[in-house]
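Encoded as structure tokens, the structure appears first; notes follow it.
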Amino acid sequence: MTTMQLPKQGVPWAELEPQLKAAGEKDVAWRDGRAPAFVHYAGDDVLEVAKKACLMYFSENGLGLRAFHGLAKFESEVVAMGLGLLHGSEAARGAMTTGGTESIFLAVKAARDAARERGAGKSTPRIVLPYSAHPAFDFSVPGVRSISADLHKYGYAAKGASTTGRAAST
């Protein structure tokens, strides 16, 4: 791969905009449903609301929830809605993640922690997957009571946003 130098000064928008458009000319027609694995298009009305909401919080860092109370509120509400959709009890808990891989890590951790609570942590845990498993799989293994729900797959959030939930121990 060749290297590039950063430009000494920025490019005016009038010059940059056509470059950006040209860069995407060969992209898949996602508005026509041609990329369901990558873009979950819910219509122009939903897209417009999502764009406006995203721009309102574009510079805030979702990792700094103590500094950005609005983001903390939104995250808490999204997790609560996810737990509601998944019929979580009052004791259920969840977390917002930035994508499938993080959701998988948290789901595995939740399963490990639940096994330890049951006293089943004496053996080495194993995860059984087919060769065809995608790295961002959702758990449906007996005994793993954690669910990954990728919000972006349903058009409810920007790409990469996911939640994980863990059922309370019984």
Side-chain angles (χ1 to χ4, degrees), residues 1-83 85 93-113 125 127 129-139 144 146-166:
M1 176 174 204
T2 60
T3 61
M4 292 178 67
Q5 297 295 316
L6 285 171
K8 294 194 186 301
Q9 55 187 358
V11 177
W13 178 246
E15 188 179 328
L16 181 60
E17 183 180 24
Q19 291 176 19
L20 292 171
K21 286 181 180 177
E25 284 178 353
K26 294 182 182 177
D27 288 357
V28 64
W30 57 269
R31 282 183 175 88
D32 297 331
R34 301 281 187 210
F38 303 111
V39 177
H40 306 284
Y41 180 57
D44 282 337
D45 56 338
V46 175
L47 180 61
E48 190 60 30
V49 169
K51 285 180 182 180
K52 288 178 179 179
C54 185
L55 282 175
M56 287 180 70
Y57 291 89
F58 180 77
S59 296
E60 285 80 352
N61 186 332
L63 297 175
L65 298 180
R66 289 185 181 150
F68 303 111
H69 301 279
L71 293 181
K73 175 186 182 301
F74 303 146
E75 179 174 317
S76 178
E77 290 174 351
V78 168
V79 170
M81 288 178 208
L83 291 173
L85 288 170
R93 299 292 178 262
M96 188 92 174
T97 64
T98 57
T101 302
E102 186 181 10
S103 294
I104 289 170
F105 287 148
L106 290 178
V108 170
K109 180 186 180 306
R112 183 203 63 194
D113 293 351
I127 297 176
L129 295 172
Y131 286 112
S132 60
H134 188 279
F137 66 94
D138 289 336
F139 283 93
V144 177
S146 181
I147 299 170
S148 168
D150 293 333
L151 300 174
H152 65 279
K153 289 181 182 174
Y154 306 103
Y156 298 131
K159 290 177 283 203
S162 301
T163 60
T164 57
R166 177 175 175 252

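With rounding to the nearest 0.5 angstrom, the CE atom of Met56 is 11.0 Å from the NZ atom of Lys52. Rounding to the nearest 0.5 Å gives a distance of 8.0 Å between NZ of Lys51 and CG of Asp44.
The backbone N or O of Leu63 lies less than 3.5 Å from a partner atom in the side chain of Asn61, making a donor-acceptor pair.
Of all the heavy atoms in Ala95 and Leu106, the pair that sits closest is CB-CD1, 4.3 Å. Arg93 approaches Leu83 most closely through the heavy-atom pair O-CD2, 3.7 Å. When all heavy atoms of Ala35 and Trp30 are compared, the pair lying nearest together is CB-CB, 4.2 Å. Shortest non-hydrogen contact noted between Met96 and Val79 is N-CG2, 3.8 Å. Nearest heavy-atom pair, Glu60 versus Phe68, reported as atom, atom and distance to 0.1 Å: CG-CD2, 3.3 Å.
Judged as a ring pair (Phe, Tyr, Trp, His ring centres under 6.0 Å), and not counting sequence neighbours, the contacts of Phe74 are Tyr57.
Between Glu25 and Lys21 no salt bridge is recorded (no basic side-chain N to carboxylate O distance below 4.0 Å).
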